[in-house]
Asker: 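Encoded as structure tokens, here's the structure I'll be asking about.
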Amino acid sequence: MSHAKAIKFDPTEPQPGLAAPLGETPVARPGFRHSMSWLLILSVPLWAAILGGGYVVARAIG
């Protein structure tokens, strides 16, 4: 810990705002929409496999 350095933080410095300006609708980047589309498409088979596995287990138990 003898080599630790402190970082000076000045709260008076203006921080970048991530919020959309009032009256404007935030719009996602095109890559984000594309990624979410693929996530939805690929999640359908995953949920089908999970539900199918649960069905097989339920049939085996009951």
Side-chain angles (χ1 to χ4, degrees):
M1 293 296 284
S2 63
H3 300 291
K5 296 181 180 174
I7 297 174
K8 183 180 177 185
F9 175 71
D10 187 8
T12 60
E13 294 179 5
Q15 300 296 320
L18 298 177
L22 291 176
E24 291 188 20
T25 304
V27 178
R29 294 189 342 235
F32 180 78
R33 175 175 278 172
H34 184 75
S35 297
M36 289 298 108
S37 297
W38 274 111
L39 179 67
L40 180 64
I41 289 169
L42 294 176
S43 68
V44 171
L46 175 66
W47 283 109
I50 291 171
L51 293 174
Y55 176 76
V56 169
V57 169
R59 294 284 295 195
I61 291 174

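Note that the coordinates shown come from a computational prediction; the quantities given were computed from them, not determined experimentally.
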Asker: Name all residues meeting the side-chain contact (heavy atoms from CB on, under 4.5 Å) criterion together with L51; count only those two or more places apart in sequence or in a different chain, and write none if there are none.
Answerer: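 Applying side-chain contact (heavy atoms from CB on, under 4.5 Å) to L51 gives none.
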
Asker: To the nearest 0.5 angstrom, please state how far the CG atom of L40 sits from the OG atom of S35.
Answerer: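 So the CG of L40 and the OG of S35 are separated by 12.5 Å.
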
Asker: Is there a continuous path of hydrophobic side-chain contacts, each under 4.5 Å between heavy atoms, that joins F32 to L39?
Answerer: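 F32 clusters together with L39.
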
